[in-house]
Every structure is written in C-alpha cells, then in structure tokens.
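First comes the structure, then the notes that go with it.
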Amino acid sequence: MSELYIRVAEEENEEPMEIPSEDDGTVLLSSVAAQFPGACGLRYRNPETQCMRGVRLVEGVLHPPENDWGNLVYIVNYPKDNKRKMEEIDAATVVKIKRGFQKTSDLIVLGLPWKTTEQDLKDYFSTFGEVIMVQVKRDAKTGNSKGFGFVRFTDYETQTKVIAQRHMIDGRWCDCKLPNSKACPDEPMRSRKIFVGRCTEDMTTDDLRQYFMQYGEVTDVFIPKPFRAFAFVTFADDQVAQALCGEDLIIKGVSVHISNAEPKHNNIHQLFPNFPGGSASLAAMFDRSQYHFPSSHV
DNA sequence: GTTGAGCGTT
C-alpha cells in the first residue's frame, strides 16, 4: 500500500497537518501526539449528520471510520479541553468513574485440577458471560500447573454471580475470589506516577506510552533493565494517575495491575539525592536505623 | 513422574 496521510487539525477551521498512517490503514495515536503533544484521540464532523464523531481507538491505534479515512479533516482530542473549566469536569468524571461505575477485576480461581488448561477455563467460564482473559499459573521450569489461575469478565454482574458460587471444574470444586492484591485500594499520595505490575517482556516503552495515552498526557515511561516485570508510567495530571490506581488493565492481551508508585516506605534516595558518601552509604544507614529502633518508632 | 492451601516473576 502506498504511503497515506490523513489531515489533522486542532480546530475545525485551522490549517491541518498531515499525519502518516500505517501499512494496515490505521494511524497510531503516537503519530498524532508527535505533532500534537497530549493528544488522546481524534474526532471528525460526520458529513451526513453534521455531528461530531469519535474515531475508534484501541490500545493506542486509531481505526478509520468505515475502513476509509476519506478526505475529512480530523480534529484532535485532548484529555482535558479548555483550561480550568474542563479540568473541574474532568476531575468530577474521574471520581464518578472510580466510585459509581462497577468495574470488573481479575478473579483468582483456587483449587484447579493440575490438568486444567486455559482453554478449559475459557470454555467453562464462558457459560456465565463474556470472558476477557484467563490464566493458569504454571511453574516456569516444568510448565506444571500450580493449581490456580485467574479469570476476568466483561460484566460486573457476571463477576458477582461467579464469586457467589462454587465451581466444578474438571472434577474438582473450585472457588473464585477477589485476589488479595487488591484488598487494600491505595490511598492518598498525590503521585503522578503509577506502578505497572505484571508487565511482560514484550511490552516496550512505546507500547505503554501508546496505551496509557488514552487516559491523559504521559510524561514518562520507565522500564527497568534487565526485565523485572514492572514499569513506571508518569502522567502530566496526578488525577489521571490516581484514578487508575487499583485497576487491572489489559495491555497486549496481558492483565497488568496498577498501583501507586512507592507504596510502602518512601524511597530514601529520592528524599536525599545528594547524601554525602553516595546513596549506598545512605541505604546502609537507613537499614541500620530500622534495625536499632523498636518497630513502633519506625 | 509427587502435591491441594493459597494469591499473579515489584
């Protein structure tokens, strides 16, 4: 396919800029954001209805309406539109989503037979409702099942129903519960940085940036090397970061868990970045101080 | 090549 560009502008009557599409006809949100920093999506005026329409966005990829971008000018969406007026609405929306709307979360499935596969789980749980993902936890070396797994449903009602009863799976009774990892939803800490747990090795900084852009402007993505199965993502707006904490999100088909960065004790190296003798001696001192004091003082 | 309460390679 020849190289294709779509026309994008900040406002309807402004001069558009040409943004390149991918080989499959989609446009990466990151391509848009490269020219319009902070962009989180596109919209356009539907010639038939004269209404604004949103462009489908899936994991950082923008899809052409009816498989053809046509000759329209697309308008950039930003997480928060005009200055402070919208900022307040945005905050209210964030709170509403966090409180009212009942999001589903991963459920742990305990007591699975050793032989049960992910396909078995999918088949079984699909009888309750649409399944987003299933996992069977296995020993990395042997590949043997550890006898438990995870399942995630689309609908909260399905989740409620599944938790409420026992499950006969491949000849054993199994229980589905909310996992402990989300027992204590993170509290205050107005951090703009989130901790992204359970990352897989094929997730690049670009992948994460593209994915998280849909929630707000991303200012930094950090993936430790060598691979440690987690990452940090920093947003421009702390409300965006806070709203995501406690969520399970699916990136590249994998369920990652979002929590506050630095949840336990604050990072001493960040508190005292220029400590004389370097951070190693500071860490040693910190450890000793914890050792000497009774726990009630720490 | 085993097992049967738990908690996902922070």
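Chain A is the first sequence line, chain B the second, and so forth, proteins listed ahead of strands; every chain is numbered from 1. Everything quoted here is computed from the prediction, not taken from an experiment.
Put simply, the side chain of A:Asp106 and the base of B:dG8 share a donor and an acceptor less than 3.5 Å apart.
Ranked by how close their nearest DNA chain B nucleotide is to the 5' end, A:Asn144 and A:Val109 are led by A:Asn144. Positionally, the nearest nucleotide of DNA chain B for A:Phe148 lies more toward the 5' end than for the other of A:Phe148 and A:Glu201.
Atom-to-atom, CD1 of A:Ile132 to P of B:dG8 comes out at 21 Å; the value is rounded to the nearest Å. Separating the CG atom of A:Asp248 from the P atom of B:dT10 is a distance of 14 Å, rounded to the nearest angstrom. Look at CG on A:Asp175: it is 11 Å from C1' on B:dA5, rounded to the nearest Å. Note: CZ (A:Arg172) to P (B:dT3) measures 11 Å, nearest angstrom. Nucleotide B:dG8 holds its C1' atom 14 Å from the CG atom of A:Leu121, rounded to whole Å. One atom, CD1 of A:Ile194, and another, P of B:dT10, lie 16 Å apart when rounded to the nearest Å. Look at NZ on A:Lys146: it is 8 Å from C1' on B:dG8, rounded to the nearest Å. Protein atom CD1 of A:Ile108 is 8 Å distant from nucleotide atom P of B:dC7, rounded to whole Å.
Here A:Leu112 lies in heavy-atom contact (under 4.0 Å) with a base. In this structure, A:Pro113 reaches the bases: a heavy-atom distance under 4.0 Å links it to at least one base atom across the strands shown. Heavy atoms of A:Gly197 sit nowhere under 4.0 angstrom from any nucleic acid atom.
A:Phe148 places none of its side-chain heavy atoms less than 4.5 Å from the side chain of A:Gln135. Contact annotation: the side chain of A:Asp248 approaches that of A:Arg198 to within less than 4.5 Å [non-hydrogen atoms, C-beta and beyond].
Side-chain polar atoms of A:Asp24 and A:Thr26 form a donor-acceptor pair below 3.5 angstrom. Looking only at atom types and distance, the side chain of A:Gln50 has no donor-acceptor partner in the side chain of A:Asn46 under 3.5 Å away. Using modelled atom types and a 3.5 Å distance limit, the side chains of A:Arg152 and A:Thr104 yield a donor-acceptor pair. For A:Glu10 and A:Tyr78, the side-chain atoms include at least one donor-acceptor pair closer than 3.5 Å.
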Step by step, work out the side-chain hydrogen bond (donor to acceptor under 3.5 Å, both in side chains) result for A:Asp123 and A:Gln119.
-> CA-CA 6 Å; A:Asp123 291 345; A:Gln119 187 61 51; 2.9 Å; yes
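Candidate nucleotides B:dG8, B:dT10, B:dT9 were compared by shortest atom distance to the side chain of A:Arg228, and B:dT10 ranks first. Checking B:dT10, B:dG8, B:dC7 against the side-chain heavy atoms of A:Phe230 singles out B:dT10 as nearest. If you check B:dG8, B:dT3, B:dC7 against the side chain of A:Trp114, the one that comes closest is B:dT3.
Here A:Phe150 counts as stacked on B:dG8: its ring centre is under 5.5 angstrom from the base ring centre and the planes meet at under 30°.
Contacts between residues 135-142 of chain A and DNA chain B, counted as heavy-atom distances below 4.0 Å, involve A:Gln135, A:Lys137.
In terms of modelled atom types and a separation under 3.5 Å, the side chain of A:Arg172 and the main chain of A:Gly111 share a donor-acceptor contact.
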